[in-house]
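I have placed the structure first, in the form of structure tokens, so that the comments after it can refer back to it.
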Amino acid sequence: GNSVTQMEGPVTLSEEAFLTINCTYTATGYPSLFWYVQYPGEGLQLLLKATKADDKGSNKGFEATYRKETTSFHLEKGSVQVSDSAVYFCALRNSGYALNFGKGTSLLVTP
Amino acid sequence: DGGITQSPKYLFRKEGQNVTLSCEQNLNHDAMYWYRQDPGQGLRLIYYSQIVNDFQKGDIAEGYSVSREKKESFPLTVTSAQKNPTAFYLCATGAQPQHFGDGTRLSIL
């Protein structure tokens, strides 16, 4: 079946530090991959996506590259801000409509 | 203003009571979903609907029921058979990507 594994949190970084949140997946075929962000007390917002191998999704300084050979979709940002503090979810969509989510990684950025 | 509206934002359930969570969308999406979020467990799919008058069970459908009488609406009922209903419930619409509402937090009195 489909599954997504994210690195355990919480992750605590100082402002302007480099961020990597690891995400690997298991799926048959060629899933689409997503990163969602959840701010406290809110729903999920799509951060970026990639639909085929070697695609790079990017948004608001965040990037992730769809690596089929390593079944990974790691999230990166060169310089985090306090406002990036949130929970980040990696997800995949294979056949069908529903998403399979990782357990989420909490990020706290301190001034 | 387009979007997904979930109501209420906070909901309390008494023992043995059924409660219904509302999800309304004006995005004209065919597909709608209900997820449950528990701390440290990510999101798990309860039910989904790809078209009006049709819906399918997700991974954790026991103790829940849904209806899809209109394209815009996909209410979720948490029945008394759901023994651990305290969670954050998220409604989503669309296919790729999915769009999410702001959620309903359900607690037990």
Side-chain angles (χ1 to χ4, degrees), chain A residues 1-11 21 23-25 27 29-52 55 57-59 62 64 66 73 86-107, chain B residues 3-11 21-25 27 29-51 54-61 66 68 74 87-107:
Chain A
N2 300 325
S3 67
V4 175
T5 303
Q6 288 181 238
M7 63 186 288
E8 295 279 338
V11 174
I21 300 178
C23 171
T24 57
Y25 67 89
Y30 303 93
S32 295
L33 301 173
F34 305 85
W35 277 101
Y36 282 85
V37 59
Q38 184 178 36
Y39 298 100
E42 297 183 8
L44 274 66
Q45 301 174 26
L46 178 68
L47 183 58
L48 54 83
K49 69 175 183 179
T51 57
K52 62 183 187 296
D55 269 1
S58 61
N59 186 25
F62 291 89
Y66 188 145
F73 193 53
V87 180
Y88 293 82
F89 291 92
C90 185
L92 73 79
R93 175 174 176 262
N94 210 342
S95 58
Y97 285 76
L99 292 170
N100 293 96
F101 285 89
K103 293 186 177 182
T105 303
S106 176
L107 170 66
Chain B
I4 303 167
T5 302
Q6 289 189 243
S7 61
K9 191 171 179 65
Y10 300 96
L11 187 58
L21 285 60
S22 171
C23 179
E24 302 282 329
Q25 57 112 349
L27 300 171
H29 289 158
D30 287 314
M32 298 186 74
Y33 318 81
W34 276 104
Y35 293 91
R36 171 180 170 139
Q37 184 178 18
D38 295 282
Q41 292 197 42
L43 279 72
R44 293 180 290 169
L45 182 67
I46 305 173
Y47 267 98
Y48 65 102
S49 169
Q50 298 179 10
I51 198 168
D54 187 45
F55 48 83
Q56 286 80 40
K57 293 181 179 180
D59 300 321
I60 55 165
V66 294
R68 187 82 187 278
F74 191 41
F88 191 50
Y89 291 87
L90 286 160
C91 176
T93 74
Q96 189 154 286
Q98 287 184 16
H99 302 266
F100 285 81
D102 286 337
T104 293
R105 188 164 298 280
L106 176 62
S107 303

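Quick caveat, the model's predicted, so the values are computed rather than measured. Per chain, numbering begins at 1; letters A, B, ... match sequence-line order. What you see below is based on every heavy atom in this structure, not just the backbone, and it leaves out hydrogens, waters and symmetry mates.
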Segment of [X] engaging chain B (4.5 angstrom heavy-atom cut-off):
{"X": "A:T51", "answer": "side chain"}
{"X": "A:Q6", "answer": "neither"}
{"X": "A:L99", "answer": "both"}

Against chain A, label [X] side chain, backbone, both or neither, depending on which of its atoms sit under 4.5 Å from a heavy atom there.
{"X": "B:L90", "value": "side chain"}
{"X": "B:Q56", "value": "neither"}
{"X": "B:Q41", "value": "backbone"}

Set of residues satisfying salt bridge (charged side-chain N to carboxylate O under 4.0 Å, His left out) with respect to B:K57, sequence neighbours excluded:
none
A:Y39 atom OH, over 12 foreign heavy atoms within 6.0 Å:
yes
Ring centres of B:F55 and B:F74 under 6.0 Å apart?
no
SG of A:C23 to CZ of A:F34, rounded to nearest 0.5 Å, is 12.0 Å
What pairs of residues pass the salt bridge (charged side-chain N to carboxylate O under 4.0 Å, His left out) test when at least one of them lies in residues 87-105 of chain B, not counting sequence neighbours?
none
Classify the ring geometry between A:Y88 and A:F62 as parallel (under 30°), tilted (30 to 60°) or perpendicular (over 60°).
tilted
Max heavy-atom pairs within cutoff under 4.5 Å with chain A, candidates B:F100, B:Y48, B:F88, goes to B:F100
